[in-house]
Amino acid sequence: MATDGLHENETLASLKSEAESLKGKLEEERAKLHDVELHQVAERVEALGQFVMKTRRTLKGHGNKVLCMDWCKDKRRIVSSSQDGKVIVWDSFTTNKEHAVTMPCTWVMACAYAPSGCAIACGGLDNKCSVYPLTFDKNENMAAKKKSVAMHTNYLSACSFTNSDMQILTASGDGTCALWDVESGQLLQSFHGHGADVLCLDLAPSETGNTFVSGGCDKKAMVWDMRSGQCVQAFETHESDINSVRYYPSGDAFASGSDDATCRLYDLRADREVAIYSKESIIFGASSVDFSLSGRLLFAGYNDYTINVWDVLKGSRVSILFGHENRVSTLRVSPDGTAFCSGSWDHTLRAQPQALLLEVALPGLEPSDRPGPSAPVNLRGCARPTCKTTCSGIKMGPVSQKLPKPAFQSTLFK
Amino acid sequence: MERMVVSMQDPDQGVKMRSQRLLITVIPHAVTGNDVMEWLIHKYCITEEEALHLGTLLVRHGYLYPLRDPCHLELRLDETPYRFQTPYFWMSTLWPAAELDYAIYLAKKNIRKWGGLFDHEKEHYDQLHRKISHTWDLVVMQAREQLWAAKQRRKGDRLVIACQEQTYWLVNRPPPGVPSVLEQGPERNSCTAGRVQKTVDFYRREVECLRKALGRARVKSSVCLEAYLKFSSQRGPHDPIMSGCLPSNPWVTDNDTYWAMNAPSAAVPTRLRVEQWAFSFRELLEDPVGRAHFMDFLRKEFSAENLSFWEACEELRHGGQAQVPALVDAVYQQFLAPGAARWVNIDSRTMERTLVGLGRPHRHVLDDAQLHIYMLMKKDSYPRFLKSDLYKDLLAEAVVPPETKRRVFPFMRKLRHSSPSPALLPASASREPSGGDGEA
């Protein structure tokens, strides 16, 4: 269908204007059923208390910017990829590295763990997605068993296994997403509709397991039907590139993080945007978002080196986490929700669990104030003056927010 | 970022400015680190730490520069004076920091004070000298001219301009060890080869999609939003981040009992887990232990073939492409053929459609039948399961693990046990319930 003939009365301009007018009508239709805002409904809900979040593990070993990471279903292993082409599988509980592969390309922007835990997939500037079966056999070279699965015409920005090891969904800078069969490398379905690079995707946790959402540089988030390849819904309210999309745990909504420094929540049944998470003091883009297990919290990593935690229902910020020395590029909550891991351009990954702050005060610590949920507690005077961020010693009671790491740390891994 | 800086310079609402005394000269329009912080805290209702962070970022991006010692870009909370960078030097002007300009700058610095260049600057200087040696005379001449022109100005202005330039080059040519704030990821929207062509096809597709979207059935916002509240409150106690987890969060206490107790193949499930099966049918099926118990229940009701059929369909949908014909055939023989051993009860219309589709088997040929059976189980068997004695017994026997007390004096660092990698386990043990690994 190269330069297929235009039907009568059809020109590029007329199609374009028709699209615009339809978009306008769609917005009107969507607004008709919008009778209440989320924060109004959420007034009945109790506000969240303070959150104490500490880095429990810092994974050092990448010699360059960490670009992407994914958890294994066993809740402790992760795979991470970086700018210099290295892909490492860690047991993050013990911080041991279990496997390492060097890809022939740089900027490995996508990596994923297979549901069975037996393989990983990764890709980046090589325009391909490769699957590596994981093996502990010392004599085998992991790179030798590599299977090249996906072929795009531009960089690979995201990839994910579907319910099994046999199929992979990829998103690429050439504006398309595609579903591939791992064994044969065959293209099973392709998804066209984005007007620019597609940067992220997420599979829906639904009963029929047939849809996924993708976000791109054309500011659109689109929901696709995997079987037919059609776009089911599209949302265009962001003001800049959408860097990350993630489904709400029930599958009825999804959140997106964008370069316009906001995160937004879109409901699929109401077919509209229902919440915006933004603050005037946040001026850098959000690179990565994820929900906690119950969907009450939204963790978002930003390009200003921080992680903001939002209360999904009330729309307010619960907490802000420091600790990274360069932009946070990726953030995922573990499959059982006990912790989340963030990877950054400062070459490290950090795993941080939380505990709700209880009313405990130890002698020697200053009593805490309890301002509203949007302003995190800021304490000085931790019991141990030399405490560093990665101490795994037990801390009781209120803990101070992490202060920026001392300068000498960054020279350790050059 | 610039919006913020501009509002900071606003004479009425902006940061308090005053003339600073620097050695002998007086510099107007200077601010201190403290003032900047206070203003940020006040305007955006943020904490000190965040304000410090934000202020530091502003300095690192070159929008503010310190007057006294501009070799490190950081915001200090003392009386060190700062000034706002002139818009000429702002990053967003995207003025490419050319090599030639850098050479001129370095030459100026060199001339002004012998040995005033830092090590990395000396290196750059030598490099540039070698690279553009043919125009080196031009560089030196420019440098001298600029220095001479600067001497004509007042000392205060001279100092300011020197600081501005220095900050600009600190941002654009950071010394080694300092990460450059100008780094970006790979270019987006750039490569024309892979670009989406906005052809007639593209718009046609868009129009089609929009038309369909207009006809979509929508639900009232209030209904949808209430659903979130319900979901969150229902799942709150199950969320380790919100409510903690028993016996303890493995990351906090280095004790992985929690994972052992909730392993996919645990013999006795915890209470929370059993409760979760009641939330939705999908969650029951997703949990291997739950699914096994449901299968037991179905066997008692003589409808176990439904679940087996559903599992087989899942394998088909998510399995390898090469296995499709064989699997479809196997499913047909076992579940759909008249007189089959485990015949499933599907309504005649769906059965007809499926049988026709079996002529050309593909991954989704059994989707309709699968959905029918799924709905049957969901509407019929599942509620009965939840009311059954089997489930009630499970709930009663379920374990509620005691919370492990946190130790106050962790002198002995607890050894973190490593667990066997899923990649090591034999295929059958590591198999996830939905979708095999090709060896089914």
Side-chain angles (χ1 to χ4, degrees), chain A residues 12 15-16 18-19 22 26 33-36 38 41 56 74 91 93-94 107 115-118 134 136 153-154 162-166 174-175 181 183-184 186 195-197 207 217 227 231 250 267 269-271 280-281 283 292-296 304 320 326 337-339 353-354 378 393-394 401, chain B residues 1 44 46-50 53 57 179 186 188-189 191 194 196 200 203-207 209-210 213-214 218-222 224-225 229 231-232 235-236 239-242 244-245 249 251-252 259 282 318-322 364 406-407 410 416 418 421-424 430 432 434-435 437-438:
Chain A
L12 195 67
L15 276 178
K16 220 171 157 180
E18 193 182 347
L22 281 173
L26 188 59
L33 284 175
H34 186 61
D35 47 354
V36 71
L38 182 55
V41 171
R56 296 293 168 172
D74 74 347
D91 177 352
F93 191 60
T94 56
W107 287 97
S116 68
C118 298
L134 294 176
F136 279 98
T153 52
N154 209 334
T162 60
N163 283 19
S164 77
D165 283 15
M166 299 278 96
D174 62 8
D181 177 62
E183 196 64 45
S184 59
Q186 187 190 354
D197 308 18
E207 296 181 304
C217 289
R227 185 174 164 177
C231 165
S250 72
D267 187 293
R269 294 189 297 166
D271 197 28
E280 264 190 35
S281 62
I283 47 182
S292 72
L293 210 60
S294 63
R296 184 69 198 270
D304 64 353
I320 177 169
N326 208 325
T338 47
Q354 287 94 328
N378 187 7
I394 308 302
Q401 293 268 335
Chain B
M1 241 191 171
Y44 297 116
I46 53 183
T47 60
E48 263 181 62
E49 201 182 358
E50 200 184 336
H53 182 83
L57 279 176
R188 299 174 177 176
N189 288 329
C191 174
V196 178
V200 173
Y203 284 111
R204 233 187 236 151
R205 238 191 321 238
E206 208 183 357
V207 166
C209 174
L210 285 167
L214 271 174
R218 277 178 208 92
V219 181
K220 267 205 299 194
S221 289
S222 45
C224 303
L225 300 177
L229 292 186
F231 186 85
S232 290
R235 307 303 161 118
D239 185 351
I241 290 171
M242 305 281 300
C245 49
N249 189 326
W251 300 95
V252 174
W259 286 331
R282 169 170 66 93
H318 297 290
Q321 195 64 0
H364 292 288
R406 291 209 231 152
R407 301 200 303 215
R416 294 174 191 158
S418 56
S421 166
L424 273 177
S430 66
E432 288 295 308
S434 53
D437 38 28

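Lettering of chains follows the sequences in order, A, B, ..., and the numbering in each one begins at 1. What you see below is based on every heavy atom in this structure, not just the backbone, and it leaves out hydrogens, waters and symmetry mates.
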Inter-residue atom distance [X].[atom1] - [Y].[atom2], 0.5 Å rounding:
X	Y	atom1	atom2	result
A:Leu33	B:Arg218	CG	CZ	7.5 Å
B:Arg204	A:Glu18	CZ	CD	11.0 Å
A:Asp304	B:His53	CG	NE2	4.5 Å
A:Gln186	B:Gln321	CD	CD	4.5 Å

Check [X] against [Y] and note the closest heavy-atom contact, atom names and distance.
X	Y	result
A:Asp35	B:Ser222	OD2-OG, 2.8 Å
B:Gly320	A:Asp181	CA-OD1, 3.4 Å
B:Val207	A:Leu15	CG2-O, 3.9 Å
B:Ser232	A:Ser294	OG-O, 3.4 Å

**Prompt:** For A:Glu183, which residues count as a side chain to side chain donor-acceptor pair (under 3.5 Å) partner, sequence neighbours excluded?
**Reply:** none
**Request:** Pick whichever of B:His364, B:Lys220, B:Glu206 has the most heavy-atom pairs under 4.5 Å with chain A.
**Result:** B:His364
**Message:** For the interface with chain A, which of B:Ser221, B:Gly236, B:Cys224 has the highest count of heavy-atom pairs at distances below 4.5 Å?
**Reply:** B:Ser221
**Request:** State which residues pass salt bridge (Lys or Arg N to Asp or Glu O under 4.0 Å) with B:Arg282; sequence neighbours excluded, sorted by chain then number.
**Result:** B:Glu286
